[in-house]
Amino acid sequence: MKRSRRTMLLLVAAFTAGATSAWASPAAPMRSSPTPGPLPCPSPGGPKPTVVLVHGAWADTSSWNGEVDALRRAGYVARAVANPLRNLTSDAATVADFLKTVPGPIVLVGHSYGGSVITNAAAGLPNVKALVYVDAAAPDVGETTGQLSGPGSALNANPDSLYDKVPYPGAPQGAADLYLKQNVFVHSFASDLPQDTAVRLWASQRAASTSAFTTPSKAAAWKTIPSWYFISTGDRIITPASELSMAHRARSKITQFQGGSHLTLISHPDAVTSVIGSAICSVR
């Protein structure tokens, strides 16, 4: 805990001082931990982009609180928007409709299942200038989010041991809402958070429909939009190996964060913000 706290303080100090990042491409050696991004950008070449953040399953907009606060302090508009968690196609349409109301350039950020949503929502929207994947899925056309957790993911266990299933009105045939069971949430989903924090997040989680994970992706915006990928080596939900494969496929700029969990965006928002900052400063 002391080392983690000290590391966080050092990262925050460097971040607020405006340190410059060095980001690896798939063809270059990757850094094992993130260097804080250059925020605010030293020489903005145009209007500041708006940062739109999309949460994943079993979470809500509050999972981005740390990043929103840091981005606002750096002088950027940041909006964390609600992800319905119903169906990939309709969830992406909901986010796309919001993006169409945002003037100027956008840096679009997705966590977990939110990565699948931004991959579809950004398609055909010219003002989305950068994509940032945070411990996220980045499907190709025809792939489902459920296919991308990777061998060794905690989600590959017997579904009856993972979820509490609840019917919901208007659900497609065979679909149900899924709630992560407490032991899975605490020990696999939020494994680097204090237990009382993890239990509180488990108790307040938002359900995700099975349809969210089984709907094939209709677009792959990472094929045409520059992307950044933040990978926690301690992620037990979407495995680091699976994320790394998707990041290489997308030719993303990759940062590997040593440790963390699937909720590093909550436990280490400074490290995640640094990657978002690099994407912001690429927008000209």
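Keep in mind it's a predicted model, so treat the numbers as computed, not measured. All residue numbers refer to positions in the sequence shown, counting from 1.
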Can you measure from [atom1] ([X]) to [atom2] ([Y]) and round to the nearest 0.5 angstrom?
| X | Y | atom1 | atom2 | result |
| --- | --- | --- | --- | --- |
| H268 | D270 | NE2 | CG | 7.5 Å |
| L148 | S242 | CG | OG | 5.5 Å |
| N83 | I118 | CG | CD1 | 11.0 Å |
| F185 | S191 | CZ | OG | 11.0 Å |
| I231 | Y133 | CD1 | OH | 12.5 Å |
| L125 | L108 | CG | CG | 9.0 Å |

- Item | Sequence neighbours excluded - salt bridge (charged side-chain N to carboxylate O under 4.0 Å, His left out) pairs with any residue from residues 218-237 |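 Every salt bridge (charged side-chain N to carboxylate O under 4.0 Å, His left out) pair that includes a residue of residues 218-237, provided the two are not neighbours, is D140-K223.
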
- Message: I'd like to know whether V52 forms a side chain to side chain contact (heavy atoms under 4.5 Å, CB included) with F98, so could you lay out the CA-CA distance, the side-chain angles of the two residues, the decisive distance to 0.1 Å, and finally the verdict.
- Response: CA-CA 9 Å; V52 178; F98 176 82; 4.1 Å; yes

- Query: Pick from K253, M246, Q256: which one makes a side chain to side chain contact (heavy atoms under 4.5 Å, CB included) with Y229?
  - Reply: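 That would be M246.
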
- Task: Begin from the C-alpha positions of T210 and L178 and carry the test side chain to side chain contact (heavy atoms under 4.5 Å, CB included) through to its verdict.
- Result: CA-CA 7 Å; T210 52; L178 301 179; 3.6 Å; yes

- Item | Residue pairs passing the side chain to side chain donor-acceptor pair (under 3.5 Å) test where at least one lies in residues 151-167, sequence neighbours excluded |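 Output for this query lists D164-K181.
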
- Query: Does any pair with a residue in residues 92-102 pass side chain to side chain donor-acceptor pair (under 3.5 Å), and if so which ones, sequence neighbours excluded?
  - Reply: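 Not a single pair qualifies under side chain to side chain donor-acceptor pair (under 3.5 Å).
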
- Query: Given S116 and T145, is the side chain to side chain donor-acceptor pair (under 3.5 Å) satisfied, shown in steps?
  - Reply: CA-CA 7 Å; S116 296; T145 304; 2.8 Å; yes

Looking only at non-hydrogen atoms, find the nearest pair between [X] and [Y] and report the distance.
| X | Y | answer |
| --- | --- | --- |
| A59 | L85 | O-CD1, 4.3 Å |
| Y76 | P49 | CD2-O, 4.0 Å |
| T50 | P103 | OG1-O, 4.4 Å |
| A123 | A221 | N-CB, 4.0 Å |
| A121 | A92 | CB-O, 3.5 Å |
| S209 | A175 | OG-CB, 4.1 Å |

- Residues I106, L99; criterion side chain to side chain contact (heavy atoms under 4.5 Å, CB included); working and verdict: CA-CA 8 Å; I106 295 171; L99 297 175; 4.0 Å; yes

- Message: Any side-chain to backbone donor/acceptor pair from Q258 onto T233? Under 3.5 Å, distance only.
- Response: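 No; judged by distance alone, with no hydrogens or angles, the pair does not exist.
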
- Item | Side-chain donor or acceptor of W222 paired with backbone N/O of R251 under 3.5 Å |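 The answer is no, because no donor-acceptor pair under 3.5 Å joins these two groups.
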
Can you find a pair of side-chain heavy atoms, one from [X] and one from [Y], that are under 4.5 Å apart?
| X | Y | result |
| --- | --- | --- |
| R86 | D91 | yes |
| W58 | R206 | no |
| T264 | V134 | no |
| V107 | L131 | no |
| S278 | V275 | no |
| W202 | F189 | no |
| V81 | L53 | no |
| H111 | W64 | yes |

- Message: Any salt bridge linking E143 with R249? Criterion: basic side-chain nitrogen under 4.0 Å from a carboxylate oxygen.
- Response: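 So E143 pairs with R249 through a salt bridge.
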
- Go through the structure and list residues passing side-chain hydrogen bond (donor to acceptor under 3.5 Å, both in side chains) with N127, not counting sequence neighbours.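 Checked N127 against side-chain hydrogen bond (donor to acceptor under 3.5 Å, both in side chains); zero matches.
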
- How far apart are the C-alpha atoms of D135 and V272, what are their side-chain angles, what is the distance that settles it, and do they pass the side chain to side chain contact (heavy atoms under 4.5 Å, CB included) test? CA-CA 10 Å; D135 294 320; V272 174; over 6 Å; no

- Partner set under side chain to side chain contact (heavy atoms under 4.5 Å, CB included) for S245, not counting sequence neighbours: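 Side chain to side chain contact (heavy atoms under 4.5 Å, CB included) check on S245 returns nothing, list empty.
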
More than 12 heavy atoms of other residues, nucleotides or ligands under 6.0 Å from [atom1] of [X]: yes or no?
| X | atom1 | value |
| --- | --- | --- |
| Q195 | CD | no |
| R79 | CZ | no |
| R72 | CZ | no |

- Query: Is L71 reachable from V102 through a run of hydrophobic residues whose side-chain heavy atoms are each under 4.5 Å from the next?
  - Reply: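 Yes, V102 and L71 fall within the same hydrophobic cluster.
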
- Start with the C-alpha gap between S232 and H262, add the side-chain angles, then the distance that decides, and say whether side chain to side chain donor-acceptor pair (under 3.5 Å) holds. CA-CA 7 Å; S232 297; H262 197 58; over 6 Å; no

- Query: Hydrophobic cluster mates of Y168, side-chain heavy atoms under 4.5 angstrom, ILVMFWY only, any path?
  - Reply: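 Listed partners: none, Y168 stands alone.
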
- Test log, rule side chain to side chain donor-acceptor pair (under 3.5 Å), inputs S227 and S252: CA-CA 5 Å; S227 61; S252 303; 2.6 Å; yes

- Item | Under 3.5 Å side-chain donor-acceptor pair for S211 and N87 |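 Not at all, the side chains of S211 and N87 share no donor-acceptor pair under 3.5 Å.
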
